[in-house]
Amino acid sequence: MPEGPQVARYARLQRDVLLGKRVRVDSPNGRSDDVSDILDGLVLRGIEPIGKHLLYDFGKERYLHIHLGRFGNFHFGEMPLPEPRGTLRLRMYTRTHWFELRGAIAIEMFDDDRKAALVARIGPSPLDADADPQRAFAKISASESPIGLLLMDQSIVAGIGNIYRSEILFIHGVHPKNPGRSLDAKTWAAMWHDLVRVMKDGERIGRIVTTDPADRAKPKGAVRREDRFYVYRRTGLPCRHCGTAIETGLMATRNVFWCPHDQPEHARIRSSKAKRSR
DNA sequence: GCTAAATGTTGAT
DNA sequence: TCAACCTTTAGCT
């Protein structure tokens with residue numbers, strides 16, 4: 001159930017123990033035999049997150065491309081391997097560590113061309129220190145489409161998903177239906193700054209918490225879901241800033257959440273000062 | 001036990 | 001705009 005930061009976290013954890021190693025690859029339920037037949041026993045040279053995609057470099061134009069979709073995730077641990085359970089699509093393991101993959105929407109081989117095509121169509125990522133937020137703003141500020149849609153477009157900004165979308169718009173007082181064109185450069189700069197902050201936090205701790213910085217340090221389970229977010233899935237609950245009931249709507253089949261008081265509709269240009277507090 | 005919903009993308013209409 | 005694909009879990013009965 002990942003947005004960009006969780007994907008990047010998986011890449012980091014796997015790099016730590018798999019890189020440079022001869023990796024065993026198998027597909028207990030048989031669905032990815034085509035991939036494991038090619039990769040089993042090869043040396044893993046690199047793992048690169050590209051937005052929400054993962055690319056594993058096994059040399060000689062042999063890249064494993066994984067996209068977790070909405071439901072995919074990895075389980076991992078130290079050897080020995082656990083008994084395969086459920087719909088286990090792919091396992092990667094060494095003498096010391098194992099990773100189990102379930103629910104991914106894409107598990108396939110890429111060559112150099114397909115890798116290049118992927119890299120070319122993914123926009124700048126807030127998790128990438130070299131990313132150019134202006135590249136994204138050029139597209140956003142030229143568009144009549146609602147900002148809530150533009151932020152989900154992976155060719156404009158990489159790694160944002162349905163949670164970060166609603167949360168960042170609340171933090172900056174922008175209604176999701178406002179057109180991209182109505183966003184000023186200053187607000188975008190502040191928004192990018194906060195995207196970097198909350199997404200890096202997500203990468204570090206492995207889950208999404210956009211609210212109180214103190215909550216971000218707490219262990220998993222210590223913070224209720226409704227306390228981890230300003231607006232996401234808080235329909236009808238009071239806004240943590242002003243108390244107004246949070247509203248929800250559909251945007252391209254995905255639920256989006258906002259505070260009708262703090263995020264006025266109609267492209268009103270407002271100060272970029274971030275809101276925080278309950 | 002069944003149904004709906006959930007942090008996503010692609011390709012056809 | 002819609003349907004398809006992937007799996008688990010929450011909330012019902």
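Atom CZ of A:Phe71 is separated from atom P of C:dA10 by 15 Å (rounded to the nearest Å). In this structure, A:Gln6 atom CD and B:dA6 atom C1' are separated by 13 Å, rounded to whole Å. Distance A:Tyr230 OH to B:dT7 P: 20 Å, rounded to the nearest Å. B:dT7 atom C1' lies 9 Å from atom CE of A:Met152, rounded to whole Å. A:Ile156 has its CD1 atom 13 Å from the P atom of B:dT9, to the nearest Å. In this structure, A:Ile160 places its CD1 atom 16 Å from C1' of B:dT9, rounding to the nearest Å. One atom, CG of A:Leu250, and another, C1' of B:dA6, lie 13 Å apart when rounded to the nearest Å. Atom CD1 of A:Ile107 is separated from atom C1' of C:dT7 by 12 Å (rounded to the nearest Å).
Nucleotides B:dT13 and C:dC5 have their P atoms positioned 14 Å apart, rounded to a whole Å. Here, B:dA4 and C:dA3 have their P atoms 15 Å apart, quoted to the whole Å. Separating the C1' atom of C:dT1 from that of B:dT7 is a span of 23 Å, rounded to the nearest Å.
Nearest nucleotide to the A:Thr87 side chain, out of C:dC6, C:dT8, B:dT7: C:dT8. Checked against B:dA6, B:dT9, C:dT7, the side chain of A:His67 finds its nearest nucleotide in B:dT9. Of the candidate nucleotides B:dT9, C:dC5, B:dT7, B:dT7 has the atom lying nearest to any side-chain atom of A:Ile208. In this structure, of C:dT7, B:dT10, B:dT7, it is B:dT10 that holds the atom nearest to the side chain of A:His53.
The pair A:Arg45-A:Asp57 does not count as a salt bridge, with every side-chain nitrogen at least 4.0 angstrom from each carboxylate oxygen. Taking 4.0 Å as the cut-off between side-chain N and carboxylate O, A:Asp132 and A:Arg135 do not count as a salt-bridged pair. Look at A:Lys115 and A:Glu48 and you find a salt bridge, because one of the NZ, NE, NH1 or NH2 atoms lies within 4.0 Å of a carboxylate O, short of that distance. Under the 4.0 Å criterion applied to side-chain N and carboxylate O atoms, A:Arg9 and A:Glu203 are not assigned as salt-bridge partners.
Taking 3.5 Å as the limit, the base of B:dT9 and the side chain of A:Gln154 contain no donor-acceptor pair of atoms between them.
Distances shown here put every side-chain N or O of A:Arg254 at or beyond 4.0 Å from the OP1 or OP2 atom of C:dT1. Contact between the side-chain N/O atoms of A:Lys52 and the OP1/OP2 oxygens of B:dT7 is not found at any separation under 4.0 Å. Taking 4.0 angstrom as the limit, A:Arg102 places a side-chain polar atom (N or O) nearer than this to OP1 or OP2 of C:dT8. Between A:Asn73 and the phosphate of C:dT8, there is no side-chain N or O to OP1/OP2 separation shorter than 4.0 Å. Taking 4.0 angstrom as the limit, A:Arg31 places a side-chain polar atom (N or O) nearer than this to OP1 or OP2 of C:dC6.
Counting non-hydrogen atoms of other residues, nucleotides and ligands closer than 6.0 Å to CZ of A:Arg12 gives a total above 12.
If you check every strand for non-hydrogen atoms under 4.0 Å, A:Arg121 touches sugar and phosphate atoms only. Within the 4.0 angstrom heavy-atom criterion, only backbone atoms of the sugar-phosphate kind lie near A:Arg233; the bases stay farther away. Contact annotation for A:Tyr232: backbone-only contact, meaning every heavy-atom pair under 4.0 Å involves sugar-phosphate atoms and none involves a base.
Nearest approach of A:Arg165 to A:Leu149, heavy atoms of both residues: NH1-N, 4.3 Å.
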